[in-house]
Amino acid sequence: MVTLVGKVPGIVDTRAHFFNPRTPPWSLQRIGRVTSPLLRALPTPLVRLAANFTQEHSITSTACAGALTRRYELSDYRNDLAGLQSVAGVPVTSVIPVDSQWRRRVSPEATMGAIERDLDWLRRQPYGQDGAPTLGGLVIPLDERIAGLGIGELLEADDGLIRGVRLRWGRHPDPLVHNWTPTPEAIASATIEAAMPDLIKRGLVIESLCYSTQLGELSALVHRFPEATFIVEHLGLPAGVFGPIGSSAGSTAAARADILSLWRERMSMLAAEPNVLVKISGIGSALLGYGQQKAGNIGGQHILADMIGPLVLHVVDRFGPGRVMFGSNAPLDDCNASIGVTVGALLDVLSDRGDYLLAHFFHDNAKRVYRIGSAP
């Protein structure tokens, strides 16, 4: 069994969610569990119409059942890491939490207040205490509906911990797959275009949350701003690549082959841009089409490695060891793959690529890109 002992002092987890759904800003609407089965029973034209009025139906498909309705704080994350050392041989030493705002976006006027409350709550978690990982930095969400994306206001009170920003612009052609923004073609908006020089000047990493169908648009933005550092989240998110999600995405073998083919082509296109990295996160995500069983849909580390392996190796072989990094996506994928199963599957997939890749993937790249350990 391959471990990380002697290769890295610890793992840097570049994506975890900490939240409490009983308090703002995570008070999630629960319409999704009721409307989703009803919507799927409608004819396609009515599905598209109804989806416009019940956006929250799709939230539950972004995570395992129940994951968004229970508290998940740093102490819960620390408990989930308990068995990791037996798999990897080293602990998670640093974590970078990201926002947990899945529900329908609030109005542009209320956005900044919601994000600031989110950040304040994340800062107050007891990092580095009682065996918990240290805080490696914060990545904040931006809103393309606000002039300047709101970055200036958020950084006014920054204590030096904000290392990156997230552009949550994912929109899927299937009406029952979650849309992360109400703005069509948000990545091409004048607001984002105008804010890019400021993001570059501040040295902030720019993370992109979008679906594989949108990677061509992302490539165009990346090409226009070669000075910026971009990170593609969740392997480029080929939704439905393993099975049906939404109303019809990935519902046939031919459809899944098309999803995979387009994803491979677009990721190869992005790999040609030297300022792009990939966060290999969400490999157990329900959005990939593993299924909707509450008890889990994968069956263990080796099955996960067999399924996700070809996608991971496609990315690693094209981007190289210096442009890939690990993210657990805890706790959203827990029913499909615990953190230990996720790390174990990735070790199975990548062990043949050598110690240099493993060290950079699990530790070195994240430490460099997010400036972990550097002075604010």
Side-chain angles (χ1 to χ4, degrees), residues 2-18 74 77-78 80-85 87-99 122-123 125-129 131-140 160-166 203-207 229-235 276-284 312 315-316 319-333 337-347 349-351 353-376:
V2 176
T3 70
L4 295 173
V5 175
K7 303 175 180 67
V8 296
I11 294 171
V12 178
D13 186 352
T14 65
R15 187 187 179 91
H17 298 273
F18 305 140
L74 183 65
Y77 176 71
R78 182 193 61 209
D80 285 348
L81 295 176
L84 178 61
Q85 200 140 348
V87 176
V90 299
V92 170
T93 51
S94 294
V95 62
I96 298 177
V98 299
D99 67 280
L122 290 175
R123 283 188 175 99
Q125 296 295 300
Y127 302 100
Q129 300 179 26
T134 61
L135 177 61
L138 294 170
V139 177
I140 59 175
L161 287 172
I162 295 177
R163 303 300 167 85
V165 299
R166 296 182 72 212
L204 295 170
V205 175
I206 302 165
E207 300 197 11
T229 298
F230 290 86
I231 297 179
V232 180
E233 296 183 347
H234 291 343
L235 275 173
V276 180
L277 295 88
V278 178
K279 188 173 291 189
I280 298 180
S281 56
I283 65 171
V312 170
V315 167
V316 167
F319 283 82
R323 294 198 286 153
V324 289
M325 61 180 67
F326 167 73
S328 70
N329 204 37
L332 304 193
D333 308 336
S338 66
I339 298 175
V341 167
T342 298
V343 171
L346 289 169
L347 283 171
V349 171
L350 298 175
S351 59
R353 294 298 195 271
D355 293 354
Y356 183 84
L357 169 62
L358 292 176
H360 281 72
F361 172 66
F362 282 107
H363 179 269
D364 297 355
N365 293 338
K367 189 170 183 179
R368 181 189 80 247
V369 172
Y370 291 108
R371 309 189 308 279
I372 295 174
S374 65

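All heavy atoms count here, side chains included; hydrogens, waters and symmetry mates do not.
Between Tyr127 and Arg123, the shortest heavy-atom contact is CE1-O, 4.1 Å. The minimum heavy-atom distance between Ala132 and Leu74, with the atom names listed, is CB-CD2, 3.9 Å. Annotation for Leu358 and Leu347: closest pair CD2-CD2, 4.1 Å, computed over non-hydrogen atoms. Nearest heavy-atom pair, Val87 versus Gly344, reported as atom, atom and distance to 0.1 Å: CG1-CA, 3.6 Å. Of all non-hydrogen atoms in Val2 and Ser351, the two that sit nearest each other are CG2-CB, 3.6 Å. Listed here is the closest heavy atom pair of Pro91 and Pro9: CD-O, 4.2 Å.
Take Arg78 and apply the side-chain hydrogen bond (donor to acceptor under 3.5 Å, both in side chains) test, not counting sequence neighbours, and it matches no residue. Under the ring-ring contact (aromatic ring centres under 6.0 Å, His included) criterion, Phe362 pairs with Phe326, sequence neighbours left out. For Tyr356, the ring-ring contact (aromatic ring centres under 6.0 Å, His included) partners two or more places apart in sequence, or in a different chain, are His360. A search for side-chain hydrogen bond (donor to acceptor under 3.5 Å, both in side chains) contacts involving Asn365 returns Arg368, not counting sequence neighbours. A search for side-chain hydrogen bond (donor to acceptor under 3.5 Å, both in side chains) contacts involving Thr3 returns nothing, not counting sequence neighbours. Residues satisfying the side-chain contact (heavy atoms from CB on, under 4.5 Å) criterion with Asn329, sequence neighbours excluded, are Arg15, His17, His234, Leu332, Asp333.
Among Ile339, Val343, Val95, the single residue meeting the side-chain contact (heavy atoms from CB on, under 4.5 Å) criterion with Leu81 is Ile339. If you run side-chain contact (heavy atoms from CB on, under 4.5 Å) between Val232 and each of Ile280, Leu277, Val276, Val315, only Val276 comes through. Leu204 pairs in a side-chain contact (heavy atoms from CB on, under 4.5 Å) with only one of the listed residues (Val165, Val139, Thr229, Ile140), which is Val165.
At least one side-chain heavy atom of Leu346 sits under 4.5 Å from a side-chain heavy atom of Phe361. Contact check for Leu357 versus Val324: side-chain heavy atoms found under the 4.5 Å cut-off. With a 4.5 Å cut-off on side-chain heavy atoms, Ile231 and Met325 count as touching. Side-chain contact between Ser281 and Thr342: absent, with no pair of heavy atoms (C-beta onward) separated by less than 4.5 Å. Counting heavy atoms from C-beta on, the side chains of Leu138 and Pro97 come closer than 4.5 Å. Annotation: side chain of Arg163 is not in contact with side chain of Ile96 (no heavy-atom distance under 4.5 Å).
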- Query: Given Val92 and Tyr77, is the side chain to side chain contact (heavy atoms under 4.5 Å, CB included) satisfied, shown in steps?
  - Reply: CA-CA 10 Å; Val92 170; Tyr77 176 71; 3.6 Å; yes
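Under the 3.5 Å distance criterion, the side-chain polar atoms of Asp13 are matched with a main-chain donor or acceptor of Ser328. Judged by distance alone, with hydrogens and angles left aside, the side-chain atoms of Thr93 form no donor-acceptor pair with the main-chain N or O of Thr134 at under 3.5 Å.
Crowding of Lys7 atom NZ: a count of heavy atoms from other residues, nucleotides or ligands under 6.0 Å exceeding 12.
With rounding to the nearest 0.5 angstrom, the CD1 atom of Ile372 is 9.0 Å from the CG atom of Leu135. With values rounded to the nearest 0.5 angstrom, Thr14 atom OG1 is found 15.5 Å from Lys367 atom NZ.
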